[in-house]
Amino acid sequence: MNDILLLSLTELKRKLDRGEVSSTDAVKACLNRIDETSGLNALITVTAEQALARAAAFDRGELKGSLAGVPIIVKDNISTAGIRTTCASRMLENYVPPYDATVVKKLYDAGAVIIAKANMDEFAMGSASQNSYFGGVKNAVDSRRVPGGSSGGSAAAVAAFQAYAALGSDTGGSIRQPAAFNGVVGFKPTYSTVSRYGLVAFASSLDQIGPITRTVEDAAAVMNVIAGHDALDSTSADIDYPDYTAYDDSLRGKKIGVAEEFFGAGLQSDTGAAIEKKLAAAEAAGAKLVKVKIESFKASLAAYYVLSSAEAATNLARYDGVKYGFRTSKPVSDYVDLYYKTRSEGFGAEVKRRIMIGNYVLSSGYYDAYYLKALKVRTLIKQDYDNALAACDALVCPAAPSTAPLIGARTAPAEVYLSDIYTVPVNIAGLPGISIPAGSDGAGMPIGMQLIGRAFGDRELLGLAVGMARL
Ligand code: GLN
């Protein structure tokens, strides 16, 4: 492997700016690596020509910005003008957006070079990246295993050195859990700090875009580009956005909250032990461990699958075969038949399952029992996390209850849903969360540790994560 690929994003940027390496060399090295590791199936579209043209522009001094010349991958549910954006679905197999998502525009404005669109679970529904119309993704550390999901392509690509960073989306853990499974860093920012304009909606009250990188420092550098108020996203926060790289990374005096609910049955022993070890090291470095309670922990997964499916059923109603996307080629008798056949053929099994769950919990007679109740549980979850975070700077827990399973080993939906138990409450509460590498299990598979911060405390959380990653 070309040494240039071993640089972090921050290191590459320094060398690019000093003229020690060219963007063309970096892009070519990534494209070679993409070829060498194509068996991972991490990407849906590679934009080699466009990337090489932009790299050449940087090398001529025509591209400026904090990510100028840096090769980056974007998850395929984030709209890219002129580049197809499939959401890994047959429904959007040939969809080419007429506009860029705000994050993509911001990447371009910062001079970044987009080299590919990443594979994922169809419409970001899944935890293993096996629900893709374009075939499943493999783990970059052990190709017999799943890479996690739904941003499994983004995470595997970064772990396999195909690019220096990738954007993912996280509705219930889709950035953090695949980052954990591949031994890289995944950051889900506070809800509303990164514009969702141009992100194909899954569950709008939970969706957030964020970076997957090889270091925490690199995640902060990407945040400086993608965060910010956007009038095109009505939920976008109009706050003073910080310099995310200007963090305090010392652990001395920092209070780390630990909830015993996080270490109960179902947690793989190697994962539990790795987190305990990190916590002990943090204490030795001057951090204080604080006991907190998250009594709602067990209820969060159920609430998440009710809320996210309800929102998904609504958001996915637009794929009807009329305006854009896939349309059945079978003869149809009327418009209902057109919808029926188009949606039956265009969506995969997991997406259909979510639409059915969503419509069920929203239907009259069940709305109060499921949807309304889940909204109430949401309030309780938010209160639990806010109370806990009033007593500490961040909470620490595993990113997932186990390391990456073998492909095909866990396929029952309820079993797959369990792998999100540590990440979904963070979306429900709208908080920032980050997964950082914390050693490996007996089989050599990476373990991810999650840190959860206060709303809009993203910079502080990144600082703590830098400190913890150093231990
Ligand atoms: N795995 C979760 C789900 O399937 C989360 C997905 C996501 O964050 N996009 O809904």
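Heavy-atom basis, side chains included; hydrogens, waters and symmetry copies ignored. In listed order, ligands and their atoms are each counted from 1.
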**Fill in**
Residue pairs passing the ring-ring contact (aromatic ring centres under 6.0 Å, His included) test with at least one member in residues 407-449, sequence neighbours excluded, are Phe297-Tyr422, Tyr305-Tyr417
**Asked** Taking it one step at a time, do Tyr99 and Tyr197 satisfy ring-ring contact (aromatic ring centres under 6.0 Å, His included)?
**Response** CA-CA 10 Å; Tyr99 68 101; Tyr197 179 72; 5.2 Å; yes
**Asked** Strictly by modelled atom types, are Arg378 and Ser205 linked by a side-chain donor-acceptor pair under 3.5 Å?
**Response** yes
**Request:** Would you kindly say whether Thr86 and Glu93 are connected by a side-chain donor-acceptor distance under 3.5 Å?
**Result:** no
**Message:** Need the ligand 1 atom indices (1-based, order shown) with element for anything under 4.0 Å from a heavy-atom of Gly126.
**Reply:** 1 (N), 2 (C), 3 (C), 4 (O), 6 (C)
**Message:** Any side-chain to backbone donor/acceptor pair from Ser435 onto Val185? Under 3.5 Å, distance only.
**Reply:** no
**Prompt:** Any chance the side chains of Ser89 and Glu122 put a donor and an acceptor closer than 3.5 Å?
**Reply:** yes
**Message:** I want to know if ligand 1 touches Asp170 in the polar sense, i.e. an N/O pair below 3.5 angstrom.
**Reply:** no
**Asked** When you check the side-chain N and O atoms of Lys106 and Ser195, is any donor under 3.5 Å from an acceptor?
**Response** no
**Message:** Ser169 versus ligand 1: do any nitrogen or oxygen atoms come within less than 3.5 Å of each other?
**Reply:** no
**Prompt:** Backbone or side chain, does any N or O of Ser174 fall under 3.5 Å from an N or O of ligand 1?
**Reply:** yes
**Asked** Touching ligand 1 at all, Arg354? Heavy atoms, strictly under 4.0 Å?
**Response** yes
**Message:** If the contact criterion is a heavy-atom separation under 4.0 Å, does Tyr305 count as touching ligand 1?
**Reply:** yes
**Asked** Considering distance alone, does some N or O of Gly172 sit under 3.5 Å from an N or O of ligand 1?
**Response** yes
**contact_flag Ser308 ligand 1 heavy-atom lt 4.0 Å** = no
**Asked** Are any of the N or O atoms of Ala124 closer than 3.5 Å to those of ligand 1?
**Response** yes
**Request:** Could you list which atoms of ligand 1 come closer than 4.0 Å to a heavy atom of Gly173?
**Result:** 8 (O)
**Parallel, tilted or perpendicular: rings of Phe123 and Tyr319 (30°, 60°)** = tilted
**Prompt:** Any chance the side chains of Ser169 and Gln208 put a donor and an acceptor closer than 3.5 Å?
**Reply:** no
**Prompt:** For atom 2 (C) of ligand 1, which protein heavy atom lies nearest, and how many Å away is it?
**Reply:** Asp420 OD2, 3.2 Å
**Request:** Enumerate the atoms of ligand 1 whose separation from the nearest heavy atom of Ser150 is less than 4.0 angstrom.
**Result:** 9 (N)
**Item:** Met125: numbered ligand 1 atoms lying under 4.0 Å from its heavy atoms
**Value:** 4 (O)
**Request:** Could you tell me which atoms of ligand 1, counted from 1 in the order shown, lie closer than 4.0 angstrom to a heavy atom of Tyr304?
**Result:** 2 (C), 3 (C), 5 (C), 6 (C), 10 (O)
